[in-house]
Amino acid sequence: MIPQKFTGNFLKGKKATVNCEIRNKAGSVVSAGTVVTIVSVVRGKGLTIKTEKCEHCGQSAYIAGVEREKLSLVKAE
């Protein structure tokens, strides 16, 4: 879970892992354990995330309205 103390400006561009499967209304699915990039944070609407392009098919997913409870920040190394 991403704590509420982290602001939108801090989270923008950060990497996170998905804790549980996420599906958008278009039918795109992001599996648990996938590393995603946080694109934006809208107060009251959740986070917008983006996956990297698949090396096999070139597809990526862009999902809005994701709750903080469904993501965990990746620690910078």
- request: Please name the pair of heavy atoms, one in Ala61 and one in Val30, separated by the smallest distance, quoted to 0.1 Å.
  value: CB-CG2, 4.1 Å

- prompt: Does the side chain of Ser60 come under 3.5 Å of the side chain of Lys53 through a donor N or O and an acceptor N or O?
  reply: no

- line: Value for CZ (Arg43) from OG1 (Thr7), rounded to nearest 0.5 Å, stands at 10.5 Å

task: Evaluate side-chain hydrogen bond (donor to acceptor under 3.5 Å, both in side chains) for Lys15 paired with Thr37, printing each intermediate quantity in order.
output: CA-CA 5 Å; Lys15 299 282 186 185; Thr37 303; 3.0 Å; yes

message: What's the separation between atom CD1 in Ile63 and atom NZ in Lys50, rounded to the nearest 0.5 Å?
response: 12.5 Å

query: Quick check: does any side chain N or O of Asn19 sit under 3.5 Å from a backbone N or O of Glu69, one acting as donor and the other as acceptor?
result: yes

query: Is any side-chain heavy atom of Phe10 less than 4.5 Å from a side-chain heavy atom of Leu73?
result: yes

- request: Scan Val36, Val29, Thr34, Ile49 and name whichever one has a side chain to side chain contact (heavy atoms under 4.5 Å, CB included) with Ile22.
  value: Ile49

field: Arg68 (side chain) donor-acceptor with Pro3 (main chain) under 3.5 angstrom
entry: yes

message: Set out, in order, the CA-CA distance, both residues' side-chain angles and the distance that settles side chain to side chain contact (heavy atoms under 4.5 Å, CB included) for Ile2 and Ile38, then state yes or no.
response: CA-CA 11 Å; Ile2 298 176; Ile38 299 172; 4.0 Å; yes

task: Would you check if Tyr62 and Thr51 make a side-chain contact, meaning some heavy-atom pair closer than 4.5 Å?
output: no

- prompt: How far apart are the closest heavy atoms of Cys20 and Ala32, and which atoms are they?
  reply: CA-CB, 3.9 Å

- prompt: Which atom names give the shortest non-hydrogen contact between Ala16 and Leu71, and what distance separates them?
  reply: CB-CB, 4.3 Å

- request: Tell me, yes or no, whether the heavy-atom count around Glu52 atom CD, taken from other residues, nucleotides or ligands under 6.0 Å, exceeds 12.
  value: no

